[in-house]
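Counting from 1, the numbers follow the sequence of the chain as shown. Everything quoted here is computed from the prediction, not taken from an experiment.
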Amino acid sequence: MTQSNAKIPVTIVTGFLGSGKTTLLRHILGNAEGRRIAVVVNEFGELGIDGDILRGCGIGCDDEGNEREGALYELANGCVCCTVQEEFLPVMLQLAERRDQIDAVLIETSGLALPKPLVQAFQWPDIANIFTVDSVVTVVDGPAAASGQFAANPAQVDVQRRADPNLDHESPLHELFEDQLSAADLVVLNKTDLMDAAARAQVEALVREELPPEVKIVGATEGKLPLALLLGQGRAAESTIHLRESHHDHEEDHDHDEFDSLVIELPPVDRDGLIAVLAALVEQHTIYRVKGFVAVPNKPMRLLVQGVGRRFDHHFDRRWRDGEAQRTRLVFIGEDLDEGALRKALEGVAAVPA
């Protein structure tokens, strides 16, 4: 139980798009063992997909499945570090008012967020005596890193990207990847079940180049790790974050204009046809991430679809609720996205018989 005179520990979970941050949060909350944990979920895009995923697991709901007010906080804008003065502080002050009811706070950042400014925000006088950053946990998509998408050597990344006509050659993603590692107190190398020993060793060597010796790298499948490892590290990261160098330290401001986010809604669609079209679109456009919910004709369950690069995962996560509109809603994150072309391609799989 949190004592009224003790700071509330905050664990910041960061990592690139599709690395498995939400899955890690699910694991923590599903194994809380009585810990009273508040969750702050940050979104990129117009649709709160990740928040819906969490609610779909019963997180933030009472025993009857009804959402509890204030149990799950979603920030409306895309990047916490860009919007903290507008939204982050009010949310933390609301949590501070309930400090006797909270043992810990989990913050999931957007996959496009820089963690360092968020950690620094915990130095603000209004919350500095109430919260402390217990640790920054950076989740790495092992197979994606093994493929060379986010290598630590920018020159090698540039060579690889120029050889691939589907990628934007000026994208700063490798710098973002390095900045997320530079702020880490613990690195979770996720999806190790999809890697062989050589690939895992390669990624660990790549990640290790960006980390101080004391920061550990731990492997995981679906984010399943002991909570004693993830929580209670006691790093007080806000007091040492200024010692962590990042690519954006000397910039007065930053933006994510190079990233586009759009939402496409459709009627029920053919599942296999949708996955085939999405795979084709990824080859034709610079799409980094696809996520959303799909209505499949004659199916009472909602299909959850998540795609990173050329890899797509999908499964039925829950039944459609009474009165809930059974529609397909997909979020695309990428660069220079042509909404008209994407919508036209997807409408082809929407015209299926009921």
J.: If you look at every heavy atom in L225 and H27, which pair is closest and at what distance?
T.: O-NE2, 2.6 Å

J.: Please check this pair: side chain of K21 against backbone of G15, looking for a donor-acceptor N/O pair closer than 3.5 Å.
T.: yes

J.: Report the distance from atom CZ of R321 to atom CZ of R319, rounding to the nearest 0.5 Å.
T.: 12.5 Å

J.: Does the Lys NZ or Arg CZ of R302 fall within the cation-pi geometry relative to F293 - under 6.0 Å from the ring centre and within 45° of the axis?
T.: yes

J.: side-chain contact (heavy atoms from CB on, under 4.5 Å) between F131 and I102: does it pass, once the steps are laid out?
T.: CA-CA 11 Å; F131 300 96; I102 297 171; over 6 Å; no

J.: If we only count heavy atoms from C-beta on, is the I12 to T109 side-chain gap below 4.5 Å?
T.: yes

J.: Minimum heavy-atom separation for V277 to A345, with atom names?
T.: CG1-O, 3.8 Å

J.: Answer yes or no: is there a side-chain heavy-atom contact under 4.5 Å between F332 and L278?
T.: yes

J.: Looking only at non-hydrogen atoms, find the nearest pair between R235 and E214 and report the distance.
T.: NH2-O, 4.2 Å

J.: What residue among L186, T11, V218 forms side chain to side chain contact (heavy atoms under 4.5 Å, CB included) with L230?
T.: L186

J.: Please check if any side-chain donor atom of Q233 sits under 3.5 Å from a side-chain acceptor atom of S135, or the reverse.
T.: yes

J.: Going through the distances and angles, do V294 and L304 end up as a side-chain contact (heavy atoms from CB on, under 4.5 Å)?
T.: CA-CA 6 Å; V294 177; L304 171 63; over 6 Å; no

J.: Is Q123 close to I241 at the side-chain level, that is, under 4.5 Å between some pair of heavy atoms?
T.: yes

J.: Taking E238 first and then K116, would you say they form a salt bridge - that is, a charged N and a carboxylate O separated by under 4.0 Å?
T.: no

J.: Between K191 and D141, does any NZ, NE, NH1 or NH2 come within less than 4.0 Å of an OD or OE carboxylate oxygen?
T.: yes

J.: Any idea which heavy atoms bring I287 and L281 closest together, and the distance?
T.: CD1-O, 3.8 Å

J.: Is E265 paired with R327 through a side-chain N to carboxylate O contact shorter than 4.0 Å?
T.: yes

J.: Of V137, D134, L29, V40, which is the lone residue that meets side chain to side chain contact (heavy atoms under 4.5 Å, CB included) with L106?
T.: L29

J.: Please round to the nearest 0.5 Å and tell me the distance separating atom CG of D317 and atom NE2 of H314.
T.: 13.5 Å

J.: Enter the distance from L189:CG to M195:CE here, rounded to the nearest 0.5 Å.
T.: 5.0 Å

J.: Applying side chain to side chain donor-acceptor pair (under 3.5 Å), run through T14 and T138 and close with a yes or a no.
T.: CA-CA 5 Å; T14 187; T138 298; 5.3 Å; no

J.: Using a strict threshold of under 4.0 Å (side-chain N to carboxylate O), is an ion pair present between R343 and E339?
T.: yes

J.: Roughly how far apart are D338 CG and Q284 CD, rounded to 0.5 Å?
T.: 11.0 Å

J.: Considering non-hydrogen atoms only, spot the tightest contact between L330 and G292 and give its length.
T.: CD2-CA, 4.1 Å

J.: State, yes or no, whether a side-chain contact exists between V331 and L262 at a heavy-atom distance under 4.5 Å.
T.: no

J.: Determine the minimum heavy-atom distance between E222 and T23, stating which atoms define it.
T.: O-CG2, 3.2 Å

J.: Report the distance from atom CZ of R289 to atom NZ of K291, rounding to the nearest 0.5 Å.
T.: 5.5 Å

J.: Assigning hydrophobic clusters by single linkage (Ile, Leu, Val, Met, Phe, Trp, Tyr; side-chain heavy-atom cutoff under 4.5 Å), is W320 placed with V269?
T.: no

J.: For the hydrophobic clusters of this structure (ILVMFWY residues joined by side-chain heavy atoms under 4.5 Å, transitively), does one cluster hold both I37 and V188?
T.: yes

J.: Using modelled atom types only, decide if a donor and an acceptor are shared between the side chain of T328 and the backbone of P268 within a distance under 3.5 Å.
T.: no

J.: With side-chain contact (heavy atoms from CB on, under 4.5 Å) as the criterion, how do V105 and L95 come out once you've worked through the C-alpha distance, each side chain's angles and the decisive distance to 0.1 Å?
T.: CA-CA 9 Å; V105 177; L95 293 178; 4.2 Å; yes

J.: Say whether, by atom type as modelled, one donor and one acceptor occur between the side chain of N190 and the main chain of G223 under 3.5 angstrom.
T.: yes

J.: Set out, in order, the CA-CA distance, both residues' side-chain angles and the distance that settles side chain to side chain donor-acceptor pair (under 3.5 Å) for T22 and E108, then state yes or no.
T.: CA-CA 7 Å; T22 299; E108 178 189 1; 2.9 Å; yes

J.: First locate atom CD1 of I28, then atom CG of L24, and finally report the distance between them rounded to the nearest 0.5 Å.
T.: 4.5 Å

J.: Using side-chain contact (heavy atoms from CB on, under 4.5 Å), reason through L227 and E33 one step at a time and then give a plain yes or no.
T.: CA-CA 10 Å; L227 262 60; E33 298 179 345; 5.9 Å; no

J.: Determine whether V187 and L194 fall in the same hydrophobic cluster, where Ile, Leu, Val, Met, Phe, Trp and Tyr are linked whenever their side-chain heavy atoms lie under 4.5 Å apart.
T.: no

J.: Please determine whether salt bridge (charged side-chain N to carboxylate O under 4.0 Å, His left out) holds for the pair R35 and D103, giving the CA-CA distance in whole Å, both sets of side-chain angles, and the decisive distance to 0.1 Å.
T.: CA-CA 6 Å; R35 296 178 181 88; D103 296 320; over 6 Å; no

